[in-house]
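Each remark here refers to the structure printed beneath this line.
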Amino acid sequence: MSLEIWARTSGPIDTQRLAAAVADLLEDGDLLVLAGDLGAGKTCFTQGIGQALGIDQRITSPTFTLANHYQGRLELNHLDVYRIEQLSDSLDLDLPELLETGVTVIEWGEQLTPELPSSHLNVKLLLDGPTDDHRRLSFSSDGAAWAGRWDALAAALEEWAEP
Ligand code: ADP
Ligand code: MG
């Protein structure tokens with residue numbers, strides 16, 4: 001079964017608050033695949049996840065390092081694979097090992113989908129709304145990992161739910 005929730009935010013702090021609400025539901029081994037154009041708010045969303053996991057360090061875009069690691073309530077692996085040109089680049093990251101511990105967030109991760117476990121949460125951010133500060137976010141999942149948490153996710157996102 002394929003599930004989808006739509007939400008909207010009105011600024012970067014709002015997106016971080018929304019992400020923090022999602023973070024409260026995260027479990028060890030979870031994978032979040034973030035999609036959206038440059039500037040859509042993928043890193044902003046990840047910062048909200050990090051804050052909610054109790055990570056004090058400033059989370060910055062790992063565009064050039066490919067992967068950053070932080071320790072909070074859960075470990076956070078933050079990847080940005082925008083510059084990955086070949087699948088073999090991503091294999092250097094040893095994704096299977098990364099995914100074993102903590103929560104992994106991959107910006108532009110949709111291009112890696114064939115290599116990723118099917119049971120991840122897709123978060124798509126769209127630059128869409130009445131002002132430049134508005135975003136629409138789509139949450140979807142196909143696998144089993146989120147099926148049991150879907151009602152809880154919908155409840156957590158209620159404040160931002162699209163009417
Ligand atoms: P990405 O990682 O998708 O390239 P960033 O998170 O680095 O995007 O940048 C998003 C930019 O958009 C930031 O400058 C942020 O302040 C701005 N912004 C404005 N409104 C929002 C919003 N509602 N959600 C997220 N970011 C927003
Ligand atoms: Mg980014």
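When a ligand or atom number is given, it counts from 1 through the structure's own listing order. Nothing fancy with the numbering, it's 1 onward along the sequence.
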### Message
With a 4.5 Å cut-off on side-chain heavy atoms, are L95 and E115 touching?
### Response
yes
### Query
Is there a nitrogen or oxygen of C44 sitting under 3.5 Å from a nitrogen or oxygen of ligand 1?
yes
### Task
Please indicate whether E158 has more than 12 foreign heavy atoms, meaning atoms of other residues, nucleotides or ligands, lying under 6.0 Å from its CD.
no
### Message
List the residues meeting side chain to side chain contact (heavy atoms under 4.5 Å, CB included) with E4, not counting sequence neighbours, and say none if there are none.
### Response
W6, S138, S140
### Query
Does D14 come within less than 4.0 angstrom of ligand 1, counting non-hydrogen atoms of the residue?
no
### Query
V105 versus V123: any side-chain heavy-atom pair under 4.5 Å?
no
### Task
Could you tell me whether some N/O pair between H134 and ligand 1 is separated by less than 3.5 angstrom?
no
### Task
Report the C-alpha separation of T9 and L137 in whole Å, then their side-chain angles, then the decisive distance to 0.1 Å, and conclude whether the side chain to side chain contact (heavy atoms under 4.5 Å, CB included) test is met.
CA-CA 8 Å; T9 64; L137 295 94; 3.7 Å; yes
### Task
Starting from the C-alpha separation in whole Å, work towards a yes-or-no answer on side-chain hydrogen bond (donor to acceptor under 3.5 Å, both in side chains) for N68 and H78.
CA-CA 5 Å; N68 289 334; H78 182 203; 5.0 Å; no
### Task
Write out the residue and atom name of the closest protein heavy atom to atom 10 (C) of ligand 1, then the distance separating them to 0.1 Å.
G39 O, 3.3 Å
### Message
Return all protein N, O or S atoms below 2.8 Å from the Mg ion (ligand 2), chain by chain in residue order.
### Response
T43 OG1, E107 OE1
### Query
Do any N or O atoms from the side chain of T15 and from the backbone of F45 form a donor-acceptor pair under 3.5 angstrom?
no
### Message
Quick check for you: to the nearest 0.5 Å, what is the distance between T43 atom OG1 and L34 atom CG?
### Response
8.5 Å
### Query
Atoms of ligand 1 less than 4.0 Å from L38 heavy atoms?
4 (O)
### Summary
Within 4.0 Å of some non-hydrogen atom of T9, the atoms of ligand 1 are 23 (N)
### Message
Does any part of the side chain of L32, heavy atoms only, come nearer than 4.5 Å to the side chain of I49, both counted from C-beta?
### Response
yes
### Message
Under 4.0 Å, counting heavy atoms only: does G11 come that close to any atom of ligand 1?
### Response
yes
### Query
With side chains defined as the heavy atoms from C-beta onward, is the minimum distance between L112 and V81 less than 4.5 Å?
yes
### Query
If you measure from the Lys or Arg side-chain nitrogens to the Asp or Glu carboxylate oxygens, is any gap between E110 and K124 under 4.0 Å?
no
### Query
Does the protein put a heavy atom less than 4.0 Å from atom 21 (C) of ligand 1?
yes
### Query
Any N/O of S10 closer than 3.5 Å to an N/O of ligand 1?
no
### Task
Could you check atom 7 (O) of ligand 1 against the protein and tell me its nearest heavy-atom contact, residue, atom and distance included?
T43 CB, 3.7 Å
## Note on the structure
The side chain to side chain contact (heavy atoms under 4.5 Å, CB included) partners of A20 (sequence neighbours excluded) come to A52
## Note on the structure
for atom 23 (N) of ligand 1, nearest protein heavy atom and its distance come out as D133 O, 2.8 Å
### For ligand 1, the portion of D37 having any non-hydrogen atom under 4.0 Å away
backbone
#### Entry: Sequence neighbours excluded, every pair satisfying ring pair (Phe, Tyr, Trp, His ring centres under 6.0 Å) that has a member inside residues 107-151
Y82-W108
### Task
Name the closest protein heavy atom to atom 8 (O) of ligand 1, giving the residue it belongs to and the distance to 0.1 Å.
G41 N, 3.1 Å
### Minimum-distance pair of heavy atoms, taken over all atoms of R149 and L25
NH1-O, 2.9 Å
### Query
Are L18 and D14 side-chain neighbours, meaning at least one heavy-atom pair lies under 4.5 Å?
no
#### Entry: Sub-4.0 Å heavy-atom contact, A40 with ligand 1
yes
### Task
Take atom 14 (O) of ligand 1 and look for protein heavy atoms under 4.0 Å from it; say yes if you find one, no if not.
no
### Summary
The answer for which part of T15 has a heavy atom under 4.0 Å from ligand 1 is side chain
### Query
Which residue owns the protein heavy atom closest to atom 16 (O) of ligand 1, what's the atom, and how far is it?
P12 CG, 3.5 Å
### Query
Please state which protein non-hydrogen atom is closest to atom 27 (C) of ligand 1 and give its distance, to 0.1 Å?
R135 NH2, 3.4 Å
